[in-house]
Structures are given as structure tokens and as C-alpha cells.
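Quantities reported herein were computed from a predicted structural model and do not represent experimental measurements.
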Amino acid sequence: MTPTWLAAGALGAAAILAFALVRTRTRLATLEAGMRRLSQRLDTDLEPAIAEARADARNAATKARDAAIAAGVTEPPPRLPLEPITGRVVRAVAFGAGARRALARATAPPWARSVRQHRRSA
């Protein structure tokens, strides 16, 4: 009698697993279809709208600058010499310094990390 019950249990487990597999595949197919619709909407609706908004913002900035010049308002000097270039350089250097510190902390031996943490808490 034991092999019969074991076979029935295995058959029941196989049926439950088959049902779960079919249900999971159905839900996954529904999810993929929804993602496809969302991606298509992003491509067809939102990207052109974003590009148009950026163009409008650029045009507005240009018109505002032209109006300020026509009104006699001088354009403020850049905060840094060659600001468009130096901004990127400063960001890269700051990131490099932060990355260097983070790598030094990550590669430090465990006793050095505990000493550093002890100093901060004191």
C-alpha cells in the first residue's frame, strides 16, 4: 500500500507544479505584454514631447537672454574662468578623490577600519 500512496502523492505534486507553471507563464506573458505597451508608449508619446520641451526651454532661454541684452542688462560673468570646461574638470577631480578614498577604505585591513571608526565616534 505504501508505494501506491507514494505514487499518488507524487502525481498530486506533479499536478500542482504543472498548474503553478502554467499560471506563472500566463502571468509572465501578461507582464511582458504590458511592458511592451509601456515601452511603445515611451517611444511614441513621451520622447517627442520631451524633445519638444527641451527645444522650448532652449528657445525661452535664448529669448530671455536677448531681451536682457536689449534692456541693457549685462550678462553676469562666469563664476569660474572657463566655467563650461572647468566644471567638468572639477567634477572629475572630485569624483576621483572620492573614489580614491573609498577604495582606500575598502582595501584597508580590518584593524585599520576599526581604528578609523573608533576615532570618528570619539
If you count the non-hydrogen atoms of other residues, nucleotides and ligands that lie under 6.0 Å from CD in Q40, is the total more than 12? no

Inter-residue atom distance T30.OG1 - M35.CE, 0.5 Å rounding: 13.5 Å

Can you list the other members of the hydrophobic cluster that holds L46, where links are side-chain heavy atoms under 4.5 angstrom apart? L42

So how far is it from D56 CG to K63 NZ, rounded to the nearest 0.5 Å? 9.0 Å

At what distance, to the nearest 0.5 angstrom, does CG of L6 lie from CG of L11? 11.5 Å

Residue set satisfying side-chain contact (heavy atoms from CB on, under 4.5 Å) with R54, at least two apart, ordered chain then number -> I50, R58

Measuring from L21:CG to T26:OG1, what's the distance to the nearest 0.5 Å? 9.0 Å

